[in-house]
Amino acid sequence: MMECDQMSTWIDAYIDRELESDRASQLEAHVSSCGRCTASVEERRQLKASVTRAALHRPAPASLRESFLRDPAVRPAKLRAPAWAYAALAACLVLASALALQVARAPASSLEATVMHEAVSSHIRSLMASHLADVASTDQHTVKPWFAGKVDFSPLVVDHTAEGFPLTGGRLDYVAGRPVAALVYTRRAHVINLFTCPDALAKPSPSVRSQDRGYNAATWSDGAMRYCAVTDASADELANFVRLVGTEPAK
Amino acid sequence: MVRPTSTPPRLVRDFPDVEAAPPVGPAAHPLESRAFQQLVLAHLDAAHNLAWWLTRNDHDAAEVVQDACLLAWRSFDGFRDGDARSWLLAIVRHAAYSRLRRGDLDLAPDAGEDVAGSDPGPLGPLLQKASAGIVQEALYELATPHREILVLSDVEGLTYEQIGRVLRVPVGTVMSRLSRARDALRRMLLPRLKKE
């Protein structure tokens, strides 16, 4: 049938929601009275879904991110160590953080332990490089929009000056294999870094603590976002801060 | 404060390092470099995903991404606001094809393709049970043009307009190419699904 031939050229755009609306209504009208085209639409949908469902995304390995951070692509690739060397290094780092997990005080899943370990490293780096904030502002309405377009989520940004934990800024950071929003708060002379990124497990979990290289860390998830706070302030101060952020689920 | 035992890795965001480096691209300014770094970091997964599916191995994918970063850095001056992901993916694609043409890539050959056969009949019920492994294998073996457009659309989730920007073709062409690619995938899947 001529009409079916015409429709078959539209079906893919239709299931991708890319067909212009007048054509889409034409196609819907035709499909409602044509068994063959109904089957085609269904099959194409299944075909697309089978690819999406197979989870074929290949994200950048940590080694690649590290080499990019070390060297912002201003030198040709040939001068660098081969990829396997970075892979070996990454494997050592994973092993090291796995060992660090053994000595953490609270029982933590490997995800939580990795997040806290890397967050502490990031905290230390931010202090050493005097690079606390990309956007220095105590105004949450300046800090929050700054993240738009830099990360693929919108972090919760609330200033807690009234409670003694003023917001001083934010920056883009990199923890546990993905870009995160880092918010910088201070408590008297102490700095608190609050890292936020979407929770890979999408499961609310109450906070888990650790002490790592002299810093206190806590991580928790409200199901949508994972949070990790790191500070050299006392564990009690950290607990107060976690309560203040207020996204921790009830235990 | 605890003193770490080793020097931390140097980051681009440490301004003095960048300034000391000889300017390579037109945008060799510290502020530019930080904007550049953030832009690339935000889309590094997408870049690697496309590079991997064009080269089909880890080593070459990493090399292609590094080539692409260099190219992106050089042309960053020309990029202002806009669709950064499509911009970077177009560069990744260019980098992959350049290596392909130079013969640098150790590519798995595309499987024999597009044997016009009779209509294999409805695939729907079989597709519902298709394992991830079978789909991955079929996509892996598809010819590059089919593979890349399916990856951009159904793995990366780009719109037709964005795909058009990456492939540098009009939306109408995206539509017909994607349709042909799904035909090819269907033909590739069919014998595997029947075997399974």
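Quick note on labels: first sequence line is chain A, next is B, and so on, each numbered from 1. The model shown is predicted, which means the values in this text are computed figures rather than measured ones.
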message: For B/Gln66 and A/Leu64: C-alpha separation, side-chain torsions, deciding distance, then whether side chain to side chain contact (heavy atoms under 4.5 Å, CB included) applies.
response: CA-CA 8 Å; B/Gln66 286 175 342; A/Leu64 188 61; 4.0 Å; yes
task: Could you tell me whether the side chain of B/His48 and the main chain of A/Pro59 form a donor-acceptor pair under 3.5 Å?
output: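 At least one qualifying donor-acceptor pair exists.
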query: Where the side chain of B/Trp52 meets the backbone of A/Ala60, is there a donor-acceptor pair that is under 3.5 Å apart?
result: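 No, the answer is negative, given that no donor and acceptor are paired below the 3.5 Å cut-off.
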field: Residues B/Arg182 and A/Asp16 bridged, charged N to O under 4.0 Å
entry: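 A salt bridge links B/Arg182 with A/Asp16.
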task: May I ask you to say whether A/Arg53 pairs ionically with B/Asp154, meaning some side-chain N is under 4.0 Å from a carboxylate O?
output: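 Looking at A/Arg53 and B/Asp154, the cut-off is not met.
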task: Would you mind checking which part of A/Val51 comes under 4.5 Å of any heavy atom in chain B, side chain (CB onward), backbone (N, CA, C, O), both or neither?
output: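 Contact with chain B is through both the backbone and side chain of A/Val51.
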- request: Pick one of side chain, backbone, both or neither for A/Leu19, based on which atoms fall under 4.5 Å of a heavy atom in chain B.
  value: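 Side chain of A/Leu19 only, per the 4.5 Å heavy-atom cut-off to chain B.
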- request: Starting at CZ of A/Arg178, measure out to CG of B/Asp45 and round the result to the nearest 0.5 Å.
  value: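 Between atom CZ of A/Arg178 and atom CG of B/Asp45 there are 8.0 Å.
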field: A/Leu47 side, atom CG; B/Leu150 side, atom CG - distance, nearest 0.5 Å
entry: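 These two atoms lie 8.0 Å from each other.
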Hey, does [Y] have a side-chain heavy atom less than 4.5 Å from the side chain of [X]?
X	Y	value
A/Phe68	B/Gln37	yes
A/Glu18	B/Glu161	no
B/Val155	A/Thr52	no
A/Asp12	B/Met175	no
B/Leu50	A/Arg58	no

- request: Give the member of A/Thr9, A/Leu56, A/Ile11 that has the highest number of heavy-atom pairs under 4.5 Å with chain B.
  value: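 That would be A/Leu56.
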- prompt: Given the options A/Ser8, A/Ser121, A/Ala13, A/Ser40, which has more heavy-atom pairs under 4.5 Å with chain B than any of the others?
  reply: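 Most pairs with chain B among the choices: A/Ala13.
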Contact part of [X] toward chain A, heavy-atom cut-off under 4.5 Å: side chain, backbone, both or neither?
X	value
B/Leu189	side chain
B/Leu139	side chain
B/Ser176	neither
B/Val65	side chain

message: For B/Asp183 and A/Arg44: C-alpha separation, side-chain torsions, deciding distance, then whether side chain to side chain contact (heavy atoms under 4.5 Å, CB included) applies.
response: CA-CA 9 Å; B/Asp183 288 341; A/Arg44 290 304 247 213; 2.9 Å; yes
message: Just checking A/His57: does its NE2 atom have more than 12 heavy atoms from other residues, nucleotides or ligands closer to it than 6.0 angstrom?
response: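 It does: A/His57 NE2 has more than 12 such atoms within range.
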- prompt: Which heavy-atom pair separates A/Pro179 from B/Leu41 by the least distance, and what is that distance?
  reply: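 Distance-wise, the nearest heavy atoms are CG-O, 4.1 Å.
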